[in-house]
Amino acid sequence: MVVELLQEKDRQAVCSLLKQCFPSTKLQENFDCNKIDFMHNMVIVAKIENNIVGHIWIQKQYDFYKDEYYFYLMYICVDEKYRHQGIATFMLKWVETLKEKQHIAYITFTSSKKRVAAQSLYRKLGYVEKDSSVFIKM
């Protein structure tokens with residue numbers, strides 16, 4: 001398995017994977033990779049035999065209260081056919097290595113209460129649940 005940054009040729013496969021993992025997401029079929037601020041965002045993909053099997057969107061953000069940078073992970077997903085094979089673990093460890101290399105203070109993300117298996121994995125990897133609620137206004 002290979003983890004690498006998103007390439008233009010892989011964007012359709014990433015769209016398909018996002019729709020599979022997050023069916024309620026209103027993702028446009030042909031999102032424009034040029035709109036991504038790659039100074040503060042990274043999109044990584046996991047590939048097996050050149051097929052996209054996993055994906056994480058990483059936002060690098062600055063916490064001005066703490067005077068430190070952190071990673072906010074969005075859309076952590078693995079193709080249903082490839083789950084329970086260590087792909088999410090491999091991608092998260094890749095992100096953790098990147099965190100160390102870039103001197104990032106911490107990694108954070110949200111996870112739906114419905115994603116029981118995913119949350120079990122996160123805990124196994126040492127992530128802890130914060131005492132907070134997510135609010136959104138559409």
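Heavy atoms only: backbone and side chains are in, while hydrogens, waters and symmetry mates are out.
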Is there side-chain contact between Tyr69 and Asp63, with at least one heavy-atom pair below 4.5 Å? no

Neighbour count >12 (heavy atoms, 6.0 Å) for atom CD, Glu49: no

For residues 94-121, the salt bridge (Lys or Arg N to Asp or Glu O under 4.0 Å) pairs (sequence neighbours left out) are Lys113-Glu129

Is the distance from the ring center of Tyr70 to that of Tyr62 below 6.0 Å? no

Answer yes or no: is there a donor N or O on one side and an acceptor on the other, between the side chain of His55 and the main chain of Tyr75, under 3.5 Å? yes

Counterpart residues, side chain to side chain contact (heavy atoms under 4.5 Å, CB included), relative to Ala13 (two or more places apart): Ile52

Step through the shown structure and confirm whether more than 12 heavy atoms of other residues, nucleotides or ligands are within 6.0 Å of NZ on Lys9. yes

Flag side-chain contact, heavy atom, 4.5 Å: Met42 against Gln59: no

Has the side chain of Ser120 got a donor or acceptor atom that lies under 3.5 Å from a matching backbone atom of Val116? no

Please walk me through it: do Val45 and Glu4 pass side chain to side chain contact (heavy atoms under 4.5 Å, CB included)? CA-CA 6 Å; Val45 294; Glu4 63 186 17; 4.0 Å; yes

For the side chain of Gln119 and the backbone of Ser111, is there at least one donor-acceptor N/O pair under 3.5 Å apart? yes

Give every residue pair that meets the salt bridge (Lys or Arg N to Asp or Glu O under 4.0 Å) criterion with at least one member in residues 82-92, sequence neighbours excluded. none

Can the ring centroids of Tyr122 and Phe109 be said to lie less than 6.0 angstrom from one another? yes

